[in-house]
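I have placed the structure first, in the form of structure tokens, so that the comments after it can refer back to it.
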Amino acid sequence: MAMRMSGMMSGMDTESIIQQLVEAKSTKLNKTKKAQIKVNWKQDAWKELNTKLKNLQSKYLSNMRFSTAYSKKTTKVSNSSIVSVITGENAMNGVQSLQVKQLAKTGYLTGKELKNAAGNKANYTALTKLSDMGVTEAGTFNVKTASGSVDINVDGNTTISDVLSKLKDAGLNASFDTKNQRFFVLSKESGASNDFSLTASDANGAAALSALGLQVNLNEDKASLAEYQKFAGYYVEGDPNQTRANMQDMIDASVASRVKAYVDRYKTLQANLKTADEKMQELQNKYDDPLDAVENYAQEIETLNAQIAQWEEDKNAADDAEKAKLDEKIAEAKENVADLTAKKKDAEAIDSYMDKIGKLNGQIDDVEKYVTVTSETVDGVTTYSGTATPDLIKEESDKFYAKASYAAQVMKSYDPSDKTSTGATKVSGQDAIITLNGAEFTNNTNVFEINGLTFTALSDSNPDETVSVTTQNDTDGIYDMIKNFLKEYNSIINEMDKLYNASSAKGYEPLLSEEKEAMSDSEVEEYEKKIKDSILRRDSNLSDVSSKMRQVMAAGIMVNGKTMYLSDFGIGTLGYFSAPDNEKNAYHIDGDPDDGDTSGNADKLKSMIANDPDTVISFFTKLSQNLYGKMSDMSKSINGYRSFGSFYDDKKMKSDYDNYASKIKEQETKLNAYEDKWYKKFAKMETALAKMQKNATAVTGLLGGQ
């Protein structure tokens with residue numbers, strides 16, 4: 001802001017005079033600013049009300065206009081400790097009888113506490129080897145789960161961590177508790193079909209299971225017993241060929257599975273071999289002659305670096321000419337070092353690829369021991385197929401024979417009455433069983449979805465106890481939905497009446513900053529509140545929205561050929577003289593315990609929901625449709641006036657606000673020019689007075705005055 005010095009010659013307070021002139025001229029500007037503030041307050045009031053109207057539409061009317069919103073049912077059980085029930089939309093009303101025969105269980109094996117050689121509690125960790133646990137020979141045990149059968153091969157170098165990984169890969173959850181020195185193994189899902197078995201394929205496999213504490217008395221492990229019995233049934237003593245014939249389908253399936261796996265591996269190996277060979281050839285083609293051994297490059301680089309170091313030292317005693325020669329030698333040697341380093345790196349890469357190619361060829365040879373692979377290329381796409389070699393067929397056949405032979409040995413010594421504990425325990429997986437109205441249902445979990453109801457079995461402590469399951473219309477749910485809707489509607493309609501009928505704030509205008517400075521904060525707040533409370537007084541838009549909503553609520557609706565009103569359901573407004581101010585359009589439900597005005601009346605709505613729900617649903621569905629449609633019409637987009645979803649002219653208000661902003665800027669520019677004009681005028685007057693004083697002083701001097 002420019003510094004102005006005025007009134008020095010005239011002795012007048014020109015600053016004060018100009019400010020008074022500007023203040024008189026600023027009335028129009030202040031009026032515009034206050035008008036803009038009012039528009040802003042009006043926008044805020046409508047935004048708040050608009051949000052409430054939209055919530056009424058989305059939270060209540062959007063759902064209540066469909067009959068499915070009233071399809072509320074509830075189910076009660078006579079003993080909630082035995083079963084719980086969730087009621088679906090399609091549940092049928094009625095009373096049913098239910099019994100929980102047994103709960104679903106998850107197959108769960110708790111291993112034996114592991115001991116050391118001295119018979120004391122062991123201190124094994126994940127890195128402990130089976131050889132440390134007394135197992136040195138290679139053996140196999142089988143894991144069978146719902147997802148398939150997997151053989152696990154172990155030996156003395158196998159660690160506890162390896163065993164856990166293999167159990168998990170086989171489809172089980174498994175852990176080893178170092179504190180308790182026990183394995184814990186369980187199925188991933190409950191139910192009989194998801195149970196698992198752990199069976200030895202040979203004596204060494206059995207020794208491994210025993211050392212790991214995973215051997216369970218077969219009378220406690222239904223799944224493992226069944227697996228042993230199955231394979232023992234394939235065995236024909238003294239005739240291995242017949243044994244193999246009995247298992248031929250299993251052998252063929254296992255062979256086919258391994259062939260597929262080997263062919264997939266062969267395809268991957270060939271792709272990796274091609275990539276490695278191409279990269280090696282690419283490096284070899286960079287050089288005219290074959291690369292020397294890596295050691296030769298390393299030796300040459302070492303020699304050159306030694307020369308460079310010596311030359312750097314010689315420079316200290318050399319003259320300028322000699323130093324220049326040494327610098328040339330050093331630069332040339334460094335270039336040679338860089339070139340040799342690059343060649344050494346390439347040579348190392350070539351050696352690495354050659355080693356990789358050798359390993360890949362070895363792996364391919366391993367595959368070809370078991371599978372004869374053939375390939376066919378069509379349109380650049382190569383497909384592979386394979387047939388099993390005699391080695392693969394014999395290996396699989398021998399494996400199944402050994403397993404059947406060992407299973408036969410196990411079953412020879414099996415005693416159904418033997419209850420001797422091995423230290424490990426097994427909870428067998430089982431299905432849940434319930435009977436509903438005499439019909440039996442089984443499931444691998446305790447949750448049953450039957451005819452719109454979801455039952456969760458909780459206890460099978462008394463399988464003969466009959467539980468009554470009663471499904472009926474949820475009268476309270478429908479009643480509460482209608483009641484909550486009316487509560488929300490009343491809140492909005494009362495607020496609109498209050499805003500429309502607000503006391504006049506005539507004579508009150510918004511305060512500008514300088515006006516607020518002369519008042520306390522509380523005084524400013526009270527002053528502005530009076531204006532804000534009346535900002536929508538007699539608002540035509542507000543009156544239109546309120547009137548149309550009230551018309552829909554009061555209108556009759558045709559139900560089964562009869563025109564019905566809210567009053568037919570015990571819902572109405574209070575008398576004109578009974579209702580408080582601005583609550584004359586609010587609806588009350590007769591018999592509503594939360595409504596002090598109508599709680600003593602008979603509850604007609606609840607009675608009709610219980611006795612004639614179809615009429616209630618039909619009426620309130622159509623009422624909600626009508627009100628939803630009317631509110632949608634009132635909140636349609638109008639070009640230049642309102643946006644979609646707005647019940648007021650939001651675009652017009654924003655335009656008015658922006659126009660006031662432009663006017664304020666224009667008026668401030670004019671006012672500043674007006675102020676500058678007066679400063680210039682008074683400045684000219686001061687200049688003229690100064691000249692007059694100067695001339696008068698000169699004349700006085702000529703006349704000999706002091």
ask   = Is the NZ or CZ atom of Lys369 positioned over Tyr262's six-membered ring, under 6.0 angstrom from the centre and within 45° of the axis?
value = no

Shortest non-hydrogen contact from Thr466 toward Ser97 = CG2-CB, 3.5 Å

task = Kindly state each residue pair satisfying side-chain hydrogen bond (donor to acceptor under 3.5 Å, both in side chains) with at least one member in residues 146-155, sequence neighbours excluded.
result = Thr140-Asn153, Asn142-Ser149, Asn142-Asp151, Thr145-Ser147, Asp151-Lys399, Asp155-Thr158

message = Please evaluate residues Leu164 and Phe183 with respect to the criterion side-chain contact (heavy atoms from CB on, under 4.5 Å), reporting the C-alpha separation (whole Å), side-chain torsions for both, the decisive distance (0.1 Å), and the verdict.
response = CA-CA 9 Å; Leu164 290 173; Phe183 276 87; 3.6 Å; yes

message = Using every non-hydrogen atom in the two residues, find where Ser224 and Thr199 come nearest and quote the distance to one decimal.
response = O-CG2, 3.6 Å

key: Criterion side-chain contact (heavy atoms from CB on, under 4.5 Å) on Leu167 and Val143, from CA distance to verdict   = CA-CA 8 Å; Leu167 288 172; Val143 178; 3.9 Å; yes

query = Would Asp391 and Thr389 count as having a side-chain donor-acceptor pair, cut-off 3.5 Å?
reply = no

key: Asn246 and Thr243: CA distance, side-chain angles, deciding distance, side chain to side chain donor-acceptor pair (under 3.5 Å) verdict   = CA-CA 5 Å; Asn246 291 339; Thr243 300; 5.5 Å; no

query = From Leu269 CG over to Asp264 CG, what is the distance, rounded to the nearest 0.5 angstrom?
reply = 11.0 Å

Min side-chain heavy-atom separation Phe455-Glu449 under 4.5 Å = no

inquiry  = Quick check: do Phe184 and Phe176 have side-chain heavy atoms less than 4.5 Å from each other?
reply    = no

inquiry  = Has Asp346 got a side-chain atom pairing as donor or acceptor with Lys343's backbone, closer than 3.5 angstrom?
reply    = no

inquiry  = Between Lys73 and Asn93, is there a side-chain donor-acceptor contact under 3.5 Å, judged purely by atom types and distance?
reply    = yes

request  = Using a strict 4.0 Å threshold on nitrogen-to-oxygen distance, state whether Glu237 and Lys412 make a salt bridge.
outcome  = yes

remark   = To the nearest 0.5 Å, atom CG of Leu212 lies from atom CZ of Phe141 at 6.0 Å

ask   = Is the closest side-chain heavy-atom distance between Val83 and Leu458 below 4.5 Å?
value = no

key: Backbone of Ser624 reached by a side-chain donor or acceptor of Arg65 within 3.5 Å   = no

inquiry  = I'd like to know if the side chain of Asp480 and the backbone of Asn484 have a donor-acceptor N/O pair within less than 3.5 Å.
reply    = no

task = Might you work through the side-chain contact (heavy atoms from CB on, under 4.5 Å) test for Ser201 and Tyr406, ending with a clear yes or no?
result = CA-CA 6 Å; Ser201 300; Tyr406 183 76; over 6 Å; no

remark   = Closest heavy-atom pair, Tyr235 versus Ala408, reported as atoms and distance to 0.1 Å, is CD2-CB, 3.5 Å

query = Under a 4.5 Å cut-off applied to non-hydrogen side-chain atoms, are Ser352 and Glu348 in contact?
reply = no

inquiry  = With rounding to the nearest 0.5 angstrom, report the OG to CG distance, Ser197 to Leu109.
reply    = 11.0 Å

Donor-acceptor contact present, side-chain Asn443 to main-chain Ala432, <3.5 Å = no

key: Side chains of Thr382 and Gln270 in contact at under 4.5 Å (non-hydrogen atoms)   = no

request  = Kindly compute the distance separating CE (Met64) from CE (Met481), expressed to the nearest 0.5 Å.
outcome  = 4.5 Å

message = Quick one, Gln99 with Thr435, criterion side chain to side chain donor-acceptor pair (under 3.5 Å). Give me CA distance, side-chain angles, the key distance, then yes/no.
response = CA-CA 5 Å; Gln99 292 174 308; Thr435 60; 3.2 Å; yes

query = Looking only at heavy atoms, what is the nearest atom pair of Met250 and Phe231, with distance?
reply = CE-CZ, 3.1 Å

Nearest non-hydrogen partners of Glu189 and Thr106, listed with the distance = O-CG2, 3.9 Å

query = Quick check: does any side chain N or O of Thr159 sit under 3.5 Å from a backbone N or O of Leu127, one acting as donor and the other as acceptor?
reply = no

ask   = Given side chains that start at C-beta, do those of Leu218 and Val410 come closer than 4.5 Å, heavy atoms only?
value = yes

request  = Say whether, by atom type as modelled, one donor and one acceptor occur between the side chain of Asp460 and the main chain of Pro463 under 3.5 angstrom.
outcome  = no

key: Side-chain heavy atoms of Lys267 within contact of Val263, under 4.5 Å   = no

inquiry  = Determine whether a donor-acceptor pair (N or O, by modelled atom type, separation under 3.5 Å) exists between the side chain of Ser190 and the backbone of Asn444.
reply    = yes

request  = Please say whether more than 12 non-hydrogen atoms of neighbouring residues, nucleotides or ligands are located less than 6.0 Å from CD in Gln229.
outcome  = yes

key: Test log, rule side chain to side chain donor-acceptor pair (under 3.5 Å), inputs Thr87 and Thr74   = CA-CA 6 Å; Thr87 311; Thr74 184; 5.3 Å; no

task = State whether the side chain of Asn219 and the backbone N or O of Asp418 hold a donor-acceptor pair below 3.5 Å, judged by distance alone.
result = yes

query = So, Glu440 and Lys101, do they make that salt bridge, N to O below 4.0 Å?
reply = no

query = Any side-chain donor paired with an acceptor under 3.5 Å for Gln96 and Asn437?
reply = yes

query = Does the side chain of Asn473 come under 3.5 Å of the side chain of Thr475 through a donor N or O and an acceptor N or O?
reply = no

Ionic contact status for Lys230 with Glu227, cut-off 4.0 Å = yes

key: Distance-only side-chain donor-acceptor flag, Glu300 / Asn296, under 3.5 Å   = no

inquiry  = Using 0.5 Å steps for rounding, measure from the NZ atom of Lys105 to the OG atom of Ser187.
reply    = 13.5 Å

task = Kindly determine whether Lys359 and Asp355 satisfy side-chain contact (heavy atoms from CB on, under 4.5 Å), including the steps that lead there.
result = CA-CA 6 Å; Lys359 289 180 179 178; Asp355 183 59; 3.4 Å; yes

key: Approximate separation, where rounding is to 0.5 Å, of Ser78 OG and Glu465 CD   = 7.0 Å

N/O donor-acceptor pair under 3.5 Å between Ser397 side chain and Ile393 backbone = no

query = Do the side chain of Asp431 and the main chain of Ala192 share a donor and acceptor less than 3.5 angstrom apart?
reply = yes

inquiry  = Using every non-hydrogen atom in the two residues, find where Ala276 and Lys356 come nearest and quote the distance to one decimal.
reply    = CB-CD, 4.4 Å

ask   = Given side chains that start at C-beta, do those of Leu273 and Ile357 come closer than 4.5 Å, heavy atoms only?
value = yes

request  = For residues 108-130, pull every pair meeting side-chain hydrogen bond (donor to acceptor under 3.5 Å, both in side chains), keeping only residues two or more places apart or in separate chains.
outcome  = Glu113-Lys115

key: Pairs meeting criterion side-chain hydrogen bond (donor to acceptor under 3.5 Å, both in side chains) with involvement of residues 163-179, two or more places apart   = Asp177-Asn180

